[in-house]
Amino acid sequence: MTKPIDNDMDDFDEPLLIDEEENIEEVPAVDQTTAVRDYSDRRVLVWEEDDERCGITVEVLSDLLVGAYVKGVKTEIEALALLDSEEWDTFVVDFYTEGVSASEFIKRVNNYPDAILVAIAMTPLRLLEEREPAKLESLRRLFDYEKNSNAQIRG
């Protein structure tokens with residue numbers, strides 16, 4: 001039978017266990033870091049009218065989706081122009097912003113082939129808070145999908 005040992009020494013990062021034969025075995029530490037994934041083939045378009053929230057969202061997503069091209073725009077007109085002129089696979093909007101859910105942009109994005117629409121509330125995004133591993137992982141999962149699947153709305 002294995003019993004935990006109280007260990008007040010600061011030199012050890014991993015807890016020690018001792019079994020009945022007095023053999024010491026180390027318990028591996030759990031890795032709390034988020035695995036780095038390659039998103040270099042991803043193109044993400046963020047539409048957010050507030051400059052500060054748009055900038056923070058683009059920065060958080062750029063850090064989160066390593067290698068992805070993330071572009072933020074302030075107006076629906078800019079978003080529609082980029083929709084017509086460039087290829088995108090992911091669209092990020094805040095449905096709490098008045099008029100976004102019923103906009104022409106959303107109607108067109110819903111028919112965009114093999115793309116996903118990620119609806120997140122951008123107001124609470126804060127750079128330091130969003131860099132916590134638990135929050136990053138749950139946010140990152142919104143952006144994972146299989147290529148050539150049906151378009152989906154996530155949020």
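For the single chain, residues carry numbers from 1 onward in sequence order. Computed from heavy atoms alone, side chains included, the values below leave out hydrogens, waters and symmetry copies. This one's a predicted model, so the numbers in the text were calculated from it and none came from an experiment.
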- Message: I'd like to know whether T90 forms a side-chain contact (heavy atoms from CB on, under 4.5 Å) with F143, so could you lay out the CA-CA distance, the side-chain angles of the two residues, the decisive distance to 0.1 Å, and finally the verdict.
- Response: CA-CA 8 Å; T90 307; F143 294 88; 3.7 Å; yes
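- Just one residue in the list D63, L61, I56 forms a side chain to side chain contact (heavy atoms under 4.5 Å, CB included) with E59, and that residue is D63.
- Nearest heavy atom pair, residue V93 against residue L117, reads CG2-CD1, 3.8 Å.
- By the side-chain contact (heavy atoms from CB on, under 4.5 Å) test, S62 pairs with V58, V70, sequence neighbours left out.
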- Item | Full working for side-chain contact (heavy atoms from CB on, under 4.5 Å) between D38 and V66 | CA-CA 6 Å; D38 180 20; V66 177; 5.9 Å; no
- Message: As a quick check of understanding, evaluate side-chain contact (heavy atoms from CB on, under 4.5 Å) for L65 and V44, giving each step before the final call.
- Response: CA-CA 9 Å; L65 306 173; V44 181; 4.0 Å; yes
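- Residues R42 and D89 are paired through a salt bridge, judged by an N-O separation under 4.0 Å between the basic side chain and the carboxylate.
- Atom OG in S103 sits 7.5 Å away from atom CZ in F95 (nearest 0.5 Å).
- Under 4.0 Å is where a charged nitrogen must lie from a carboxylate oxygen, and between R43 and E86 at least one such pair does.
- Here OG1 of T57 is found 8.0 Å from CG of D94. Values are rounded to the nearest 0.5 Å.
- In terms of heavy atoms, W88 sits closest to Y112 at O-CE2, 2.8 Å.
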- Dump the intermediate steps for side-chain contact (heavy atoms from CB on, under 4.5 Å) on V100 and I106, then the final yes or no. CA-CA 7 Å; V100 169; I106 296 301; 4.2 Å; yes
In a table with atom names and distances, give each donor-acceptor pair under 3.5 Å that connects a side chain of residues 72-85 to protein atoms at least two apart or in another chain.
from	atom 1	to	atom 2	distance (Å)
T75	OG1	E78	N	3.1
T75	OG1	E78	OE1	3.2
E76	OE2	E104	N	3.0
E76	OE2	F105	N	2.9
E78	OE1	K74	N	3.0
E78	OE1	T75	N	3.0
D84	OD1	R108	NH2	2.1
S85	OG	A81	O	3.0

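- Expressed to the nearest 0.5 Å, how far CH2 of W47 lies from SG of C54 amounts to 11.5 Å.
- Closest non-hydrogen pair, L64 versus Y39, comes out as O-CE1, 4.1 Å.
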